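Report on the structure given below.
Only this structure's heavy atoms are used, side chains among them; waters, hydrogens and symmetry mates stay out. Here, residue 1 is the first one in the sequence, and each next residue gets the next number. Quick caveat, the model's predicted, so the values are computed rather than measured.
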Amino acid sequence: MPDTGSGRPTLDVLVVEGRPVESARRIEPDPGEIELATLYAHPDPAGGRQTWVRANMISTLDGAATGAGGVSGGINGDADYRVFRVLRALADVVLVGAGTVRAERYTPLSVPDGLADLRAASGRAPAIELAIVTRSGDLPEQITDVAQHPAGTVPPIVLTTSVGAARLTGYPADRVVVTGEDSVDLQAALDALTDRGLVRVLAEGGPSLLGDLADGDHLDELCLTTSPLVVGGPAPRIVTSGSYLGKGGAPARLVQILHSGGSLLARWALRADPVPAHPASGSAHR
């Protein structure tokens, strides 16, 4: 059934290009999401880097990345989902850790309903790639059994170790990339994605993967929804690591903020360089 946009909330635009808007501006529900896609256009790589890695996460007011059920679905809402769909449609590849694949029950990705034309106009390939980071190669059956994959999708790329690759017997060999012996080398993983023309990377977690990406200086921006909830409990933060990152350097810069129903949807630049201008359509990096 075509996506009519019904049930999707209007979004108030509060900040654009780092500055508060001077007059009221709202983004009404739109099946094609053209205006929202303009605000969230995925930049081409810049500053001599081969990829542009954008993370998309959600957190409660008290810093929890999940609800009581251990998944992000317990704390998100319609406004977050509206932006989530657009971010996926604009990415070459979604990067996710194996733990999140298991917890959130990922399957190979389909283009969000109604956004195929938007994706094509942005110069993206018809299919959204999914890339999974796993040291052990321990992946659920809905990933490893290609016969279960939804129609129109492609088997995920598995970024793994020599040990992990040995465990993936029967999985398409051309979709397995060994990036290290005992641990996944994220720079090698991103290089492998670049070699496949997948330079606009959307990282969806989990917190450990984001911690490794941040520690390795691979993150370019963060799209962070703050949910108007307080949940307490032992939930992780959106970024976790064994020790403080201690990178110092320039603080994140606010690019934009949207609002709906108490949820704040912010976009943060994590580098000192300006967010590069993005073409209206197409790209040499396709």
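Grouping Ile, Leu, Val, Met, Phe, Trp and Tyr by side-chain contacts under 4.5 Å, direct or through others, puts Ile58 with Ile75, Leu229, Val231.
Under a 4.0 Å N-O distance rule, the pair Glu35/Arg26 does not qualify as a salt bridge. Asp78 and Arg8 are not joined by a salt bridge, as no carboxylate oxygen comes within less than 4.0 angstrom of a charged side-chain nitrogen. Salt-bridge formation is detected for the pair Glu129/Arg175: a Lys NZ or Arg NE/NH1/NH2 atom is positioned less than 4.0 Å from an Asp or Glu carboxylate oxygen. Using a cut-off of 4.0 Å between Lys/Arg side-chain N and Asp/Glu carboxylate O, Arg88 and Glu204 are scored as salt-bridged. Between Asp220 and Arg49 there is a salt bridge, since a side-chain N of the basic residue sits under 4.0 Å from a carboxylate O of the acidic one. Look at Asp217 and Arg271 and you find a salt bridge, because one of the NZ, NE, NH1 or NH2 atoms lies within 4.0 Å of a carboxylate O, short of that distance.
Taken to the nearest 0.5 Å, the CH2 atom of Trp52 stands 10.0 Å off from the CG atom of Asp44. Here CG of Leu193 is found 8.0 Å from OG1 of Thr51. Values are rounded to the nearest 0.5 Å. Atom-to-atom distance recorded for Leu222:CG and Arg54:CZ is 10.5 Å, nearest 0.5 angstrom. Here the NE2 atom belonging to His42 is positioned 8.5 Å from the CG atom belonging to Leu90, to the nearest 0.5 angstrom. In this structure, CD1 on Ile143 lies 11.0 Å from CG on Leu168, to the nearest 0.5 angstrom. Between Arg200 atom CZ and Leu87 atom CG the span is 14.0 Å, to the nearest 0.5 Å.
Side chain of Thr240 to backbone of Pro236: no donor-acceptor contact under 3.5 angstrom is found. Put simply, the side chain of Thr134 never gets that close to the backbone of Ala98: no donor and acceptor are under 3.5 Å apart. Side chain of Arg25 to backbone of Val13: no donor-acceptor contact under 3.5 angstrom is found. A donor-acceptor pair under 3.5 Å is absent between the side-chain atoms of Asp185 and the main chain of Gly180, judged by distance alone. Looking only at distances, no side-chain donor or acceptor of Arg267 sits under 3.5 Å from a matching main-chain atom of Tyr40. In this structure a side-chain-to-backbone donor-acceptor pair under 3.5 Å is present from Ser241 to Ser243. Looking only at distances, no side-chain donor or acceptor of Gln256 sits under 3.5 Å from a matching main-chain atom of Gly18.
For the 3.5 Å distance criterion, the side chains of Thr10 and Glu28 qualify, holding a donor opposite an acceptor. Inspection of the Glu181 and Thr161 side chains reveals no N or O donor paired with an N or O acceptor under 3.5 Å. For the residue pair Glu141 and Gln148, a side-chain donor N or O sits within less than 3.5 Å of a side-chain acceptor on the partner.
If you chain together hydrophobic residues whose side chains sit under 4.5 Å apart, Leu11 and Phe84 never meet in one group. Follow the hydrophobic side-chain contacts under 4.5 Å out from Val158 and you never reach Val154; the two are in separate clusters. Both Val21 and Leu39 are assigned to one and the same hydrophobic cluster, defined by single-linkage of ILVMFWY side chains at heavy-atom distances under 4.5 Å.
The minimum heavy-atom distance linking Pro45 with Gln50 is given by the pair CG-O, 3.3 Å. Summarising the geometry of Ile132 relative to Gly97, their closest heavy-atom pair is CG2-C, 4.4 Å, with the distance given to 0.1 Å. The minimum heavy-atom distance between Ala214 and Leu245, with the atom names listed, is CB-CD1, 3.7 Å.
Checking each of Leu265, Thr226, Leu264 against His259 for a side-chain contact (heavy atoms from CB on, under 4.5 Å) leaves exactly one that passes, namely Leu264. Considering Val176, Leu198, Leu130 in turn, Leu198 is the only one that fulfils the side-chain contact (heavy atoms from CB on, under 4.5 Å) rule with Ile157. Residue Val184 is tested with Val178, Val177, Thr179 for a side-chain contact (heavy atoms from CB on, under 4.5 Å); the sole match is Thr179.
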Checklist line | side-chain contact (heavy atoms from CB on, under 4.5 Å) between Ser59 and Arg237, worked out | finding: CA-CA 7 Å; Ser59 172; Arg237 295 183 297 171; over 6 Å; no
Item checked: Full working for side-chain contact (heavy atoms from CB on, under 4.5 Å) between Glu221 and Cys223 -> CA-CA 7 Å; Glu221 69 171 285; Cys223 295; 3.8 Å; yes
Notebook entry, point to check: Please walk me through it: do Val201 and Asp92 pass side-chain contact (heavy atoms from CB on, under 4.5 Å)?
Noted result: CA-CA 6 Å; Val201 181; Asp92 291 323; over 6 Å; no
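Counting heavy atoms from C-beta on, the side chains of Asn76 and Thr225 never come closer than 4.5 Å.
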